[in-house]
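Please read all numbers here as calculations on a predicted model, not as lab measurements.
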Amino acid sequence: LRYGDGENDYSYDEIYFDVGITLNQPEYRLEALFNLEFSNPPEIGLKEEGINDFLFGYYNENFSVEFGNFYETWGRGLILNQVDYQHLDFDTGASTGGLNFEYSKDDLSLSIIAGQIEPRKSTTLLGNYNPRIPNYLLKQDIYGSDLTLSSSDLIMGFSLLFTDQPDNDISSRIGGMRFEKPYNKGDLFLSFIHKTSERKGTENNLETDKGNGIYLSNVNYINDWAI
């Protein structure tokens with residue numbers, strides 16, 4: 001429950017309920033999670049009344065299937081990092097109807113996702129600006145997979161993500177690989193990505209943009225310190 005009453009019409013009233021049901025069996029686990037929100041008006045964001053998020057999940061020793069609103073991070077998030085900061089109205093998780101499949105056995109882990117994200121924000125670059133009510137809303141279809149191979153001294157990952165924005169005919173492909181080398185007093189992490197975006201121009205021509213990214217991290221532990 002969040003409530004505020006201030007000057008200059010800065011008032012808000014928010015009520016949240018998180019409900020979870022779990023069925024544990026020797027061979028598997030079933031979960032149903034629901035988030036109910038009654039915000040009229042919220043401090044930041046759009047008016048919500050009813051079920052805001054839900055997730056149904058099946059989990060066993062080697063694989064899991066999730067349907068609904070899910071959040072996934074590949075590697076350290078250079079290609080995919082889905083988060084929800086409710087107090088900031090910042091949510092990049094898959095919206096209703098998303099599907100997340102994960103399989104792991106021995107040194108192999110595979111993730112396959114498909115869904116739609118709907119990030120939103122307030123920006124002065126567009127009309128009807130209000131710092132509390134978003135005036136920029138984006139719908140983006142996402143689907144892709146991530147493969148992780150692990151051994152005692154090296155972890156490798158390969159990712160491929162596709163995105164489509166049907167409202168403005170923009171599609172992107174993001175591929176990358178990562179390497180993590182743990183050692184006795186630290187670890188070394190290196191990740192590369194390549195992104196290609198295409199937008200349909202006039203007379204069905206395509207405008208193409210390309211970009212690359214790199215992430216490097218080295219952590220060393222010295223007694224109670226980390227560098």
Side-chain angles (χ1 to χ4, degrees), residues 16-37 45-46 48 50-86 89-121 137-150 155-178 191 193-198:
Y16 301 98
F17 294 97
D18 291 318
V19 180
I21 303 172
T22 302
L23 174 63
N24 287 308
Q25 295 294 319
E27 301 296 331
Y28 63 88
R29 184 179 85 254
L30 297 175
E31 285 187 352
L33 306 175
F34 302 91
N35 173 262
L36 286 80
E37 179 179 348
L46 301 175
E48 299 283 354
I51 296 178
N52 191 24
D53 296 325
F54 75 86
L55 178 69
F56 298 104
Y58 172 88
Y59 311 89
N60 68 17
E61 182 179 358
N62 296 119
F63 75 92
S64 65
V65 179
E66 294 180 330
F67 176 77
N69 303 81
F70 66 83
Y71 297 86
E72 184 75 12
T73 298
W74 291 344
R76 299 194 181 179
L78 193 60
I79 290 181
L80 181 67
N81 183 26
Q82 295 178 292
V83 296
D84 180 16
Y85 299 123
Q86 198 168 45
D89 192 44
F90 182 77
D91 186 354
T92 59
S95 58
T96 303
L99 184 64
N100 181 21
F101 172 84
E102 293 188 8
Y103 173 82
S104 62
K105 187 174 182 180
D106 299 328
D107 299 329
L108 182 146
S109 178
L110 175 66
S111 171
I112 300 174
I113 66 168
Q116 186 179 81
I117 61 175
E118 298 181 1
R120 61 198 187 196
K121 64 179 180 179
L137 294 90
L138 174 67
K139 288 187 177 181
Q140 192 173 59
D141 299 322
I142 62 171
Y143 49 98
S145 63
D146 178 82
L147 175 66
T148 302
L149 303 173
S150 305
I155 301 173
M156 297 184 297
F158 306 91
S159 305
L160 183 61
L161 183 68
F162 298 90
T163 68
D164 289 309
Q165 300 176 27
D167 293 340
N168 47 25
D169 291 326
I170 296 178
S171 61
S172 300
R173 298 182 301 275
I174 311 172
M177 61 180 64
R178 61 185 183 274
S191 179
I193 70 165
H194 175 75
K195 179 180 180 179
T196 301
S197 296
E198 296 179 345

Determine the minimum heavy-atom distance between [X] and [Y], stating which atoms define it.
{"X": "A94", "Y": "Q82", "answer": "N-NE2, 3.3 Å"}
{"X": "I117", "Y": "T92", "answer": "CG2-O, 3.4 Å"}
{"X": "G45", "Y": "D89", "answer": "CA-OD2, 3.3 Å"}

Enter the distance from [X]:[atom1] to [Y]:[atom2] here, rounded to the nearest 0.5 Å.
{"X": "T22", "Y": "L33", "atom1": "OG1", "atom2": "CG", "value": "6.5 Å"}
{"X": "M177", "Y": "F158", "atom1": "CE", "atom2": "CZ", "value": "5.5 Å"}
{"X": "S104", "Y": "L110", "atom1": "OG", "atom2": "CG", "value": "9.5 Å"}
{"X": "F162", "Y": "D141", "atom1": "CZ", "atom2": "CG", "value": "13.5 Å"}
{"X": "K121", "Y": "L138", "atom1": "NZ", "atom2": "CG", "value": "9.5 Å"}
{"X": "E72", "Y": "N100", "atom1": "CD", "atom2": "CG", "value": "4.5 Å"}

Ignoring hydrogens and angles, state whether a donor on the side chain of E66 or Y59 is under 3.5 Å from an acceptor on the partner side chain.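 Checked: E66/Y59 side chains pair up, N/O donor to acceptor below 3.5 Å.
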If we ignore angles and hydrogens, is there a donor and acceptor under 3.5 Å between the side chains of D146 and T148? yes
Please check if the side chain of [X] supplies one atom and the backbone of [Y] the other of a donor-acceptor pair under 3.5 Å.
{"X": "T196", "Y": "R173", "answer": "no"}
{"X": "N60", "Y": "N62", "answer": "yes"}
{"X": "S150", "Y": "I155", "answer": "no"}

Evaluate the side-chain contact (heavy atoms from CB on, under 4.5 Å) criterion for residues E48 and N35: first the C-alpha distance (whole Å), next the side-chain angles of each, then the deciding distance (0.1 Å), finally the verdict. CA-CA 11 Å; E48 299 283 354; N35 173 262; over 6 Å; no
Cationic N near anionic O, under 4.0 Å, R120 to E118: no
Heavy atoms, side chains only, cut-off 4.5 Å: are [X] and [Y] in contact?
{"X": "N52", "Y": "N69", "result": "no"}
{"X": "L160", "Y": "I79", "result": "no"}
{"X": "D53", "Y": "L55", "result": "no"}
{"X": "I170", "Y": "T163", "result": "no"}
{"X": "K139", "Y": "S95", "result": "no"}
{"X": "L36", "Y": "F34", "result": "yes"}

Have a look at I113 and tell me which of W74, F101, Y143 forms a side-chain contact (heavy atoms from CB on, under 4.5 Å) with it. W74
Could you label the plane-to-plane angle of the F90 and Y85 rings as parallel, tilted or perpendicular, counting under 30° as parallel and over 60° as perpendicular?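 F90 and Y85: parallel rings.
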Count the heavy atoms belonging to other residues, nucleotides or ligands that lie under 6.0 Å from CD of E61, then report whether that count exceeds 12.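 Not buried by this count: 12 neighbours or fewer within 6.0 Å.
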Answer with yes or no after comparing the ring centroid distance for F56 and F67 against a 6.0 Å cut-off, counting only values under it. no
